[in-house]
Amino acid sequence: MQSLKRLLSILSVGLVILLSQSVVFASQDDFAAISSQITALNQTGEQVDSGIVPTVTDKDTPTTSGKAYYVSVTGNDANSGTSPNKPWASLARVNQQTFESGDRILFKAGDSWLGQTTLMPKGDDLTISSYGTGNLPKLAGQGKVADVIKLENQKNITISNLNINNNVKGFNYVNGNKLADLRGIHVVGKDAGNLSGYFFHNLYVHDVTGNDVFIGGNVANNKPGVIFKGGWDRSKDTGGIVFDIAQPATSKPTTFSNVNINNNIINNNSYGGIIFKQWQGNEGTNENWASRDDAKASNNYQSLTWAPHTNINVTNNYINQSKSKYACDAIYLTSVKDSKIEGNITKGAGTSGIEVYYGDNVLIQHNDTSNSVPKAGGADSNGIDPDKETTRMIIQYNYIHGNGDGILLCGIKFSTTVVRYNVIANNGKVNSSKNSYINIHGDTGKHDIYNNVFYAMSNQPTNFIYSSAGQKEIDRSVDMHTICNNIFYNSGNGLINVGEGKGTSYSNNDYYNNVNIPSQDQHSIKTNPSFIGVLYPNSEYSDLNKLKLSNNSNLKKHGIRIVIDNGITPIEKDFLGNLILQNSPTIGIIE
């Protein structure tokens, strides 16, 4: 596929190996290779933003062991469909066929199917893609169907090379009265046990005008297209690509596994871009498969009822939610375990660029997430949010910039998170008095925050670390937030706060230029870190090597050794791929 073909897969930079209760990650790959991948992804995404429609060629037509069925608007449903010269014409004809394992359903490049019906092919082990040369074949629901493509209890499905949207006619991205219960690709499981094997790639999924339903909130704030206090099972299940579990008829949980969503452009979808949900039972049943409410620290946060999706990989996607006032979370994964969110670019999300809820052992790395703002009456505006009841979360090697909050650490009931080797820059863009580069929220949470660079670029007062609920939130935490080996760098003139309290512990951090130094940090360093370059508001991921320290920096080998007790081992390499001196690491992100 010509314009998306340049979206090369991110190199294998985060293999997860489970060793008893520990998690060990493979070595960091070369920074130049990773940053070039992100640069290419951003360039392609911005081309699509500017109106260039992705294209495809015959070389991109996939091959499989089964039959190929061809669909073109110039075809005829009375045809056999098994030859490009005798294609079917309609989605309805595709839906009538029962396919065999390995079969392909191929739509002709340059053709469009507008507001016809939901594509619901029957069978497992299927490939849905394109043939021919031209613009990606377009499947547009036009708001006349709830789902453009719907899969129910099907396994081993590959979808690629399609232009998918579900935009209600007349929606202007501002007025919510046109929003409805809509999705682009909808994968549904019900009473099916484990459903495995999905590969969605090289897709352009955009302008799905779904309504925004929030879990809680105040119903007095409801307005057209926005519903508060909708409960778990009804909330946040509209958008571009949605995996969810329907209300069951039995007590057997259904889960998804081995899902790969990569190399896609996913723009302006509401509620969200990529969504995974699990059934909880808020509508008269009591399965409790989504939440981990019965888990406790004393039993290593194990839950008797939790049924998570596993091996969910969201990698190398460009997700721009900026255009619509209702396009909220870019990536929203709930009830997932042993999963990865890597190499994605998110822009202009409402609520959160990357949010994980009820998750365990999720690796979030090498993402560039920016310009999140509150939307649709929601309060949050963060780059990354490990939300309620998340454990063994790893947030590393990310560039988090220009958001309201950088990272929102939601210590609600329990939370164990490591935040390390990230660049958190120029945040506090929505309400600087309440926003923080790291917002410590909730009264629990074992959060290890080390070897990050906090980089302020403006004169507006803000907080490097604090809580949106104020000092009482930090003081009442029953767990400890350990903060060490970080650089707090202020290039402006306004004083920046670094909050401390009964729930925080600081050591061996560098505080430079109008930074309020915590009294807890008995080994604080107050020196210019001597970066070799400067960051600006428009700096890209590839610019982050400028945060390398000059040869005469006083921060080299002045960090403390990192030993973590929440089941996550220290990493071996820094932001650029250099080996870390574990006993005397350099402060900041680069050895």
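In this text, all values refer to a predicted model and were calculated from it rather than measured experimentally.
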Heavy-atom closest pair, residues Gly499 and Tyr466: CA-CD1, 3.9 Å
Side chains of Ser524 and Lys526, donor plus acceptor under 3.5 Å: yes
Over 12 non-hydrogen atoms of neighbours within 6.0 angstrom of NZ in Lys446: no
Taking every non-hydrogen atom, the tightest pair across Pro529 and Asp510: CD-OD2, 3.7 Å
His366-Tyr399 side chain donor-acceptor pair, cut-off 3.5 Å: no
CA sep, side-chain torsions, deciding dist, call: Asn262, Asn316, side-chain hydrogen bond (donor to acceptor under 3.5 Å, both in side chains): CA-CA 5 Å; Asn262 74 296; Asn316 207 28; over 6 Å; no
Asn552 atom CG, neighbour heavy-atom count above 12 within 6.0 Å: yes
Residues Arg392 and Asp360 bridged, charged N to O under 4.0 Å: yes
Asp49 and Tyr318: side chain donor to acceptor below 3.5 Å: yes
Within the 6.0 Å centroid threshold, strictly below: Tyr421 and Phe575: no
Over all atoms of both residues, closest heavy-atom pair of Val423 and Ile589: CG2-CD1, 3.6 Å
Mutual orientation of the aromatic rings belonging to Tyr204 and His206 [parallel < 30°, tilted 30-60°, perpendicular > 60°]: parallel
Passing candidate, side chain to side chain contact (heavy atoms under 4.5 Å, CB included) with Phe243, options Ile312, Ile274, Leu333, Ile261: Ile261
Minimum-distance pair of heavy atoms, taken over all atoms of Thr369 and Gly353: OG1-CA, 3.8 Å
Greater than 12 external heavy atoms within 6.0 Å of Lys277's NZ: yes
Distance-only polar pair, side chains of Asn382 and Ser352, donor-acceptor under 3.5 Å: yes
Whether Asp293 side chain and Ser291 backbone form a donor-acceptor pair below 3.5 Å: no
From CD1 (Ile440) to NE2 (His481), nearest 0.5 Å: 4.5 Å
Aromatic ring pairing Tyr301/Phe414, orientation class (parallel under 30°, perpendicular over 60°, tilted between): tilted
Aromatic ring proximity Phe31/Tyr397, centre distance under 6.0 Å: no
Verdict with supporting geometry, Ser436 and Asp405, side-chain hydrogen bond (donor to acceptor under 3.5 Å, both in side chains): CA-CA 5 Å; Ser436 303; Asp405 289 324; 4.7 Å; no
side-chain hydrogen bond (donor to acceptor under 3.5 Å, both in side chains) assessment of Asn403 paired with Ser372: CA-CA 5 Å; Asn403 306 285; Ser372 296; 3.2 Å; yes
Aromatic ring pairing Tyr358/Trp232, orientation class (parallel under 30°, perpendicular over 60°, tilted between): tilted
Enclosure of Lys556 NZ (heavy-atom neighbours >12, cutoff 6.0 Å): yes
Chi angles and distances behind the side-chain contact (heavy atoms from CB on, under 4.5 Å) call for Ser477, Thr444: CA-CA 5 Å; Ser477 178; Thr444 61; 5.6 Å; no
Under 3.5 Å: donor-acceptor pair, side chain of Asn269, backbone of Gly273: no
Donor-acceptor contact below 3.5 Å, side chain Asn313 vs main chain Asn260: no
Charged N-O contact under 4.0 Å between Glu46 and Lys347: yes
Stepwise side-chain contact (heavy atoms from CB on, under 4.5 Å) check, His447 with Ser415: CA-CA 8 Å; His447 300 141; Ser415 173; 3.0 Å; yes
Heavy-atom closest pair, residues Gly428 and Thr462: CA-OG1, 3.9 Å
Arg420 versus Pro570, closest heavy-atom pair with distance: NH1-CA, 3.7 Å
side-chain contact (heavy atoms from CB on, under 4.5 Å) between Ile487 and Asn509, worked out: CA-CA 6 Å; Ile487 296 174; Asn509 300 285; over 6 Å; no
Worked verdict on Asn361 versus Asp338 for side-chain hydrogen bond (donor to acceptor under 3.5 Å, both in side chains): CA-CA 5 Å; Asn361 188 28; Asp338 303 336; 2.7 Å; yes
Flag for Gln520-Ser505: side-chain donor and acceptor within less than 3.5 Å: no
Candidate pair Tyr506 and Val498, rule side-chain contact (heavy atoms from CB on, under 4.5 Å), full reasoning: CA-CA 10 Å; Tyr506 288 87; Val498 180; 3.4 Å; yes
Residues Asp443, Arg476; criterion salt bridge (Lys or Arg N to Asp or Glu O under 4.0 Å); working and verdict: CA-CA 6 Å; Asp443 56 2; Arg476 73 189 179 106; 3.5 Å; yes
Donor-acceptor pair, side chain of Gln582 and main chain of Ile571, under 3.5 angstrom: yes
Close side-chain approach of Tyr455 to Asn490, heavy-atom, < 4.5 Å: no
No-hydrogen, no-angle side-chain donor-acceptor test under 3.5 Å, His558 and Thr586: no
Residue from Ile438, Asn422, Asn427 passing side chain to side chain contact (heavy atoms under 4.5 Å, CB included) with Phe454: Ile438
Donor-acceptor pair, side chain of Gln280 and main chain of Ala290, under 3.5 angstrom: yes
Under 3.5 Å: donor-acceptor pair, side chain of Asn485, backbone of Ile560: yes
Phe531/Tyr489 under ring-ring contact (aromatic ring centres under 6.0 Å, His included): CA gap, chis, key distance, verdict: CA-CA 10 Å; Phe531 298 128; Tyr489 181 86; 5.1 Å; yes
Check: Tyr271 ring centroid to Tyr326 ring centroid under 6.0 Å: no
